[in-house]
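One structure is given below, encoded as structure tokens.
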2 protein chains.
Amino acid sequence: MPERTSISKRVIERLSEYRSTLDEFDTTETRSIYSHDLAKLCGVTAAQVRRDLMTIGFSGSSAKGYDVSELQQTVGDFLGFGEERRMALVGIGHLGRALLDFFADRNPKLILCAAFDINEMRINRVIHGVRCYAVSQLTEVAKEKRANMGIITVPDAAAQDVATALVEGGVSGLLNFAPVQLRVPNHVFVENLNISTVLEKVAYFAGQSGDKER
Amino acid sequence: MPERTSISKRVIERLSEYRSTLDEFDTTETRSIYSHDLAKLCGVTAAQVRRDLMTIGFSGSSAKGYDVSELQQTVGDFLGFGEERRMALVGIGHLGRALLDFFADRNPKLILCAAFDINEMRINRVIHGVRCYAVSQLTEVAKEKRANMGIITVPDAAAQDVATALVEGGVSGLLNFAPVQLRVPNHVFVENLNISTVLEKVAYFAGQSGDKER
DNA sequence: TTAACACTGTGATTTTTTTCACAGCAGAGC
DNA sequence: GCTCTGCTGTGAAAAAAATCACAGTGTTAA
Ligand SMILES: NC(=O)c1ccc[n+]([C@@H]2O[C@H](COP(=O)([O-])OP(=O)(O)OC[C@H]3O[C@@H](n4cnc5c(N)ncnc54)[C@H](O)[C@@H]3O)[C@@H](O)[C@H]2O)c1
Ligand SMILES: NC(=O)c1ccc[n+]([C@@H]2O[C@H](COP(=O)([O-])OP(=O)(O)OC[C@H]3O[C@@H](n4cnc5c(N)ncnc54)[C@H](O)[C@@H]3O)[C@@H](O)[C@H]2O)c1
């Protein structure tokens, strides 16, 4: 029961950016940072930074700005870095493989606890420390491994079935790369990431002559 | 000079979704669609669909809804599918490879015209019909191939240099996967796609009990 | 000790985005 | 041909998000 009023996706995204930007800092060297500087590093305005930090109840000092390590800690706690997240990845194809490599030893609070595929060639192996299983065992293994998030990188037609199985396995958050609208129970959060759409957006705005982002 | 008032990123994203959703339809079978139905397929509200189509000046009929093929055509034209987009991909690593495979024979209006890497092993090859060059030739080749968009999938530290070289090569739109804030001239549109941030967002909202998306 | 400064925290305001709600229309049924 | 239905187009309202702008404050310098 940390947060009171529900906080928008946009704010959460920015908080995540602030935190990872701060991670690059050597806290023994840079002890504190001004909203202006953090803003510039993240491509937002200073007022926005202050407002966002205000919504999670974090305060700085007027002369020093924000204490870097305190801020890292507070934002991290807020985003739930206290409790670990266990992710199951389904679809060890091109994209799935890239993600496996990427998250293998990345954020220690987002743990890839299992991977799944339908292709015999891909299962019963260990890739970057992550064990690969057959999708037929998805629900079962997800439960056993206590996965609470799922990443879907299977062909479009398989996405819904995979989502259903993940949910049955106890997952309550999905990142879906297939351009398909998933039907899931209300308590499950779904984020769709359609790379084609993003590219079409870039194409559109790249077309305009002098139109600045945002 | 097609559109008057500048249109937001959000609207463009949704238009792209509408269009790709419509692509799945057999237009000889389904000639028209209601805002309600398109909305459901795309996970938005009917009013939103109508409003979005209104902003690009597209009209339906009160009894039939929207003519599917006309809608495809109009949205496609609006998004600039008339003129081709030529993309350069830089960084043929895990993620870059996945994108290469994906876009090789995908959207015929988004053409991957060249790929680049710094690693000797990866250059002077043709992957899925896309020729791979050394980054040292980036600006030069981008010009020659008339690339107007760039996709950046290099390690974080190299992203800025790559962006600069792409812009010099005539690119005016960038999709950047590196968690780095790029500095580019004003006329260049940059979209940052930070997958870690997206996952942290999912983690946050998956944590909340009964909180619906949006 | 005081003054000047540059910052934060935040109410107020503005801008943007979404939703509401309904007039008006086109076709179906009678 | 009239009525009923359920849709679109859209002003108006509401909600959400971003920005402004400034009082209050710790810090430094004189
Ligand atoms: N690769 C990309 O860059 C990219 C970009 C945008 C979107 N996507 C989307 O991501 C998804 C995957 O793309 P990809 O390029 O990695 O595809 P891919 O074909 O390389 O990989 C798909 C993997 O899923 C496995 N699979 C198939 N059916 C399955 C099932 N029922 N259960 C479990 N595994 C199953 C396949 O064996 C394969 O390993 C697609 O929906 C695609 O539209 C991919
Ligand atoms: N792989 C993922 O799933 C994933 C997820 C999120 C973000 N990212 C981001 O995407 C970027 C690439 O990730 P990746 O996993 O594909 O990395 P990778 O190491 O697999 O690939 C990077 C590629 O870039 C090449 N390269 C290095 N320096 C270069 C230069 N100066 N010019 C051109 N090419 C150069 C390397 O040779 C390599 O082929 C990183 O910024 C990473 O943070 C990747």
Side-chain angles (χ1 to χ4, degrees), chain A residues 3-18 22 30-71 74-75 78 197 201 204-205 211-214, chain B residues 3-18 22 30-71 74-75 78 197 201 204-205 211-214:
Chain A
E3 65 292 336
R4 204 58 265 124
T5 44
S6 93
I7 289 182
S8 79
K9 289 215 269 185
R10 215 59 128 322
V11 173
I12 297 299
E13 272 170 33
R14 285 191 303 258
L15 287 171
S16 164
E17 301 276 6
Y18 301 157
L22 254 25
T30 312
R31 291 189 181 285
S32 52
I33 189 170
Y34 295 130
S35 62
H36 290 260
D37 299 328
L38 182 53
K40 189 159 295 173
L41 289 170
C42 299
V44 300
T45 66
Q48 184 99 77
V49 168
R50 296 203 297 277
R51 177 69 64 184
D52 289 340
L53 296 184
M54 194 181 116
T55 62
I56 64 166
F58 185 79
S59 293
S61 95
S62 52
K64 296 280 189 59
Y66 301 97
D67 183 286
V68 173
S69 51
E70 219 177 288
L71 181 47
T74 305
V75 176
F78 182 82
T197 293
K201 176 169 57 173
Y204 177 83
F205 286 106
D211 229 354
K212 193 59 198 159
E213 183 176 5
R214 137 157 281 358
Chain B
E3 66 291 336
R4 206 55 267 124
T5 44
S6 93
I7 290 184
S8 79
K9 288 214 270 184
R10 215 59 127 328
V11 174
I12 298 299
E13 273 170 32
R14 284 191 302 256
L15 288 171
S16 162
E17 301 275 6
Y18 301 158
L22 254 25
T30 311
R31 292 190 179 286
S32 52
I33 188 169
Y34 295 131
S35 61
H36 289 260
D37 299 327
L38 182 53
K40 189 159 294 173
L41 289 170
C42 300
V44 301
T45 67
Q48 185 99 75
V49 168
R50 295 204 297 277
R51 176 71 61 185
D52 289 341
L53 296 183
M54 194 180 117
T55 62
I56 64 166
F58 185 79
S59 293
S61 97
S62 54
K64 296 279 189 61
Y66 301 96
D67 183 287
V68 173
S69 51
E70 220 179 287
L71 182 47
T74 306
V75 176
F78 183 83
T197 293
K201 177 169 57 172
Y204 177 82
F205 287 107
D211 231 353
K212 193 60 198 160
E213 182 175 6
R214 133 157 277 6

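FYI, side chains are in, hydrogens and waters are out, and symmetry mates aren't considered; it's all heavy atoms of this structure. Just so we're clear, the structure is a prediction, and the values are computed from it rather than from any experiment. To find a chain, count down the sequence lines: A is the first, B the second, and so on, and within it residues start at 1.
- From Cys42(A), atom SG reaches atom CG of Leu22(A) across 8.0 Å, with rounding to the nearest 0.5 Å.
- Between the side chain of Arg51(B) and the base of dT19(C) there is at least one donor-acceptor pair of N/O atoms closer than 3.5 Å.
- Here the OG-OH distance, from Ser61(A) to Tyr34(A), works out to 8.0 Å after rounding to the nearest 0.5 Å.
- In this structure, the nucleotide among dT10(D), dA18(D), dT10(C) sitting nearest to the side chain of Arg50(B) is dT10(D).
- Under the side-chain contact (heavy atoms from CB on, under 4.5 Å) test applied with Asp52(A), the options Arg10(A), Glu13(A), Glu17(A), Arg14(A) reduce to a single match, Arg14(A).
- Place Ser61(A) and Met54(B) on DNA chain D by their nearest nucleotides, and Met54(B) ends up nearer the 5' end.
- Rounded to an integer number of Å, the gap from Glu70(B) CD to dT8(D) P is 14 Å.
- The side chain of Ala63(B) sits closest to dG27(C) out of dT27(D), dG27(C), dG9(D).
- At dT17(C), one or more side-chain N or O atoms of Ser8(B) fall inside 4.0 Å of OP1 or OP2 (strictly under the cut-off).
- Minimum heavy-atom separation, Tyr66(A) to Leu71(A): CB-CD2, 3.9 Å.
- If you check dC7(D), dG9(D), dC7(C) against the side chain of Tyr34(B), the one that comes closest is dC7(D).
- With hydrogens and angles left out, the side chain of Ser62(A) and the base of dT8(C) share no donor-acceptor pair within 3.5 Å.
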